[in-house]
Number of protein chains: 2
Amino acid sequence: MASDVWKEYESNEISHSVAHHLTAIHELMDDLGYARVSDVARALEITRGSASLTLKALKARGLVVEDHNKFLKLSEDGRRIVDSILAKRAVVRKFLNEVLKLDEHQAEVDACKVEHLLSAQTGGQLLHFVHFLLSDDPTAQQFLAEFWSKLDQKEEWQWPVQDVDQLFNLESR
Amino acid sequence: MASDVWKEYESNEISHSVAHHLTAIHELMDDLGYARVSDVARALEITRGSASLTLKALKARGLVVEDHNKFLKLSEDGRRIVDSILAKRAVVRKFLNEVLKLDEHQAEVDACKVEHLLSAQTGGQLLHFVHFLLSDDPTAQQFLAEFWSKLDQKEEWQWPVQDVDQLFNLESR
DNA sequence: ATCAGTTGTTTTATTAGCAAAACATCGGTT
DNA sequence: AACCGATGTTTTGCTAATAAAACAACTGAT
């Protein structure tokens with residue numbers, strides 16, 4: 001694997017932590033109508049000091065703006081980022097839970113882990129896919145019914161699967 | 001979102017960095033027949049000092065074992081982890097590239113980002129899904145053909161999509 | 001007006017992961 | 001024997017993200 005591939009992991013627009021600071025503000029605005037440093041800290045269950053530092057950096061990056069009275073809100077850029085994250089989270093969670101039939105907790109955890117890592121391209125294509133897959137199109141419904149019935153029949157695969165490549169006739173890496 | 005969900009991000013078995021140190025050893029064994037600290041550093045394009053420290057920790061964790069002459073290899077646990085990572089990477093890459101039709105580079109990058117984050121459950125179910133989806137089952141083939149034709153017709157969605165929830169009739173979060 | 005509670009910030013410390021540089025060691029050449 | 005190159009380690013410093021603790025400022029109740 002080329003190093004320019006694996007090193008892109010750190011070169012993300014936002015980190016996991018930042019993603020959740022931003023979405024916390026978004027949800028607090030919905031739920032309480034306001035969001036202060038302490039509210040974010042409580043929501044994320046971290047100390048006020050930690051939240052204060054991270055949010056200071058986010059203000060410097062222009063993703064969060066502060067009221068005359070220490071009330072926080074998302075900037076235009078911040079809102080755009082939160083929208084893309086929540087969209088990806090929703091799509092991934094729906095796919096994992098309603099298609100792959102993973103339990104809701106697992107689906108939520110895994111969606112939360114990857115939501116900030118997927119490119120806009122990937123998010124968009126996945127949205128197309130899941131939208132069609134769960135539509136009332138008879139082809140989609142027939143396919144899903146078939147898949148789920150095979151899932152039930154199938155004895156559990158040993159995981160990790162050593163021979164995924166063989167299973168797919170892949171030339172390995 | 002409950003904090004016990006988003007905080008699980010850090011509580012992973014292995015980090016992105018560790019995943020690639022381990023897979024580097026695996027691939028070096030395949031390609032060269034051996035793997036030393038310097039070889040890993042070269043493969044990952046990091047300094048020998050950094051690799052030395054990370055690999056020391058991995059030896060302490062019992063994932064890597066060292067030869068009488070500084071030659072590294074994976075332990076049984078290390079091999080098990082590498083197998084699961086490579087399997088997830090292969091499945092995700094295949095899904096993104098061959099189903100969602102993302103270009104190979106994008107598929108590789110995104111697969112690399114999430115490979116170490118997906119649970120074994122998720123990896124297993126995704127493997128089932130992709131395996132059936134790309135099989136010669138006529139239902140699967142018909143569904144894919146239908147999906148791809150819709151992809152072509154479809155004008156690109158605006159991304160981020162603000163109304164994913166509405167699109168899916170989700171109650172939001 | 002004082003006292004208590006909440007809030008926000010700063011400082012100090014920790015961990016993971018990297019770079020850079022100094023250092024030691026070993027192997028082969030000349 | 002002296003040297004060069006490659007290798008491995010250690011030390012120092014950096015950044016992101018956290019905790020913990022100290023501190024200042026504001027709010028409200030009595």
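Proteins come first, then strands; the chains are lettered A, B, ... in the order of their sequence lines, and each starts at number 1. Remember, predicted model here, so these are calculated numbers, not experimental data.
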### Task
Report yes if a donor N or O on one partner sits less than 3.5 Å from an acceptor N or O on the other, where the partners are the side chain of A:Ser50 and the base of D:dA17; otherwise report no.
no
What's the [atom1]-[atom2] distance between [X] and [N], to the nearest Å?
{"X": "A:Leu53", "N": "C:dT10", "atom1": "CG", "atom2": "C1'", "result": "8 Å"}
{"X": "A:Arg61", "N": "D:dT15", "atom1": "CZ", "atom2": "P", "result": "15 Å"}
{"X": "A:Leu28", "N": "C:dT7", "atom1": "CG", "atom2": "C1'", "result": "15 Å"}
{"X": "A:Leu55", "N": "C:dT7", "atom1": "CG", "atom2": "P", "result": "15 Å"}
{"X": "B:Glu10", "N": "D:dA19", "atom1": "CD", "atom2": "C1'", "result": "13 Å"}
{"X": "B:Tyr34", "N": "D:dA6", "atom1": "OH", "atom2": "P", "result": "13 Å"}
{"X": "B:Asp67", "N": "D:dG8", "atom1": "CG", "atom2": "P", "result": "12 Å"}
{"X": "B:Leu58", "N": "C:dA16", "atom1": "CG", "atom2": "P", "result": "11 Å"}

### Query
Which of parallel (below 30°), tilted (30 to 60°) and perpendicular (above 60°) describes A:His16 and B:Tyr9?
parallel
### Task
For the pair A:Phe129 and B:Phe95, name the ring-plane relationship: parallel under 30°, tilted 30 to 60°, perpendicular over 60°.
perpendicular
[N] phosphate, OP1 or OP2: any side-chain N/O from [X] under 4.0 angstrom?
{"X": "B:Thr47", "N": "C:dA20", "result": "no"}
{"X": "B:Arg36", "N": "D:dT7", "result": "yes"}
{"X": "B:Thr54", "N": "C:dG17", "result": "no"}
{"X": "B:Ser17", "N": "C:dA16", "result": "no"}
{"X": "A:Lys70", "N": "D:dA25", "result": "no"}
{"X": "A:Lys56", "N": "C:dG8", "result": "no"}

Between [X] and [Y], is there a donor-acceptor pair closer than 3.5 Å when you use the side chain of the first and the backbone of the second?
{"X": "A:Asn69", "Y": "A:Phe71", "answer": "no"}
{"X": "A:Ser84", "Y": "A:Ile81", "answer": "yes"}
{"X": "B:Lys7", "Y": "A:Glu45", "answer": "yes"}

### Query
If you look at every strand shown and take non-hydrogen atoms under 4.0 Å, does B:His21 touch a base, only sugar-phosphate, or nothing?
sugar-phosphate
Nearest to the side chain of [X], which nucleotide is it out of [options]?
{"X": "A:Arg42", "options": "D:dT9, C:dT7, C:dC18", "answer": "C:dT7"}
{"X": "B:Arg48", "options": "C:dC18, D:dT9, D:dT18", "answer": "D:dT9"}
{"X": "A:Ser52", "options": "D:dA17, D:dG8, C:dT9", "answer": "C:dT9"}
{"X": "A:Ile46", "options": "C:dG17, D:dA19, D:dG8", "answer": "D:dA19"}
{"X": "A:Ser38", "options": "C:dG8, D:dT18, D:dT11", "answer": "C:dG8"}

### Message
Nearest 0.5 angstrom please: A:Leu102 CG to B:Gln125 CD, how far?
### Response
5.5 Å
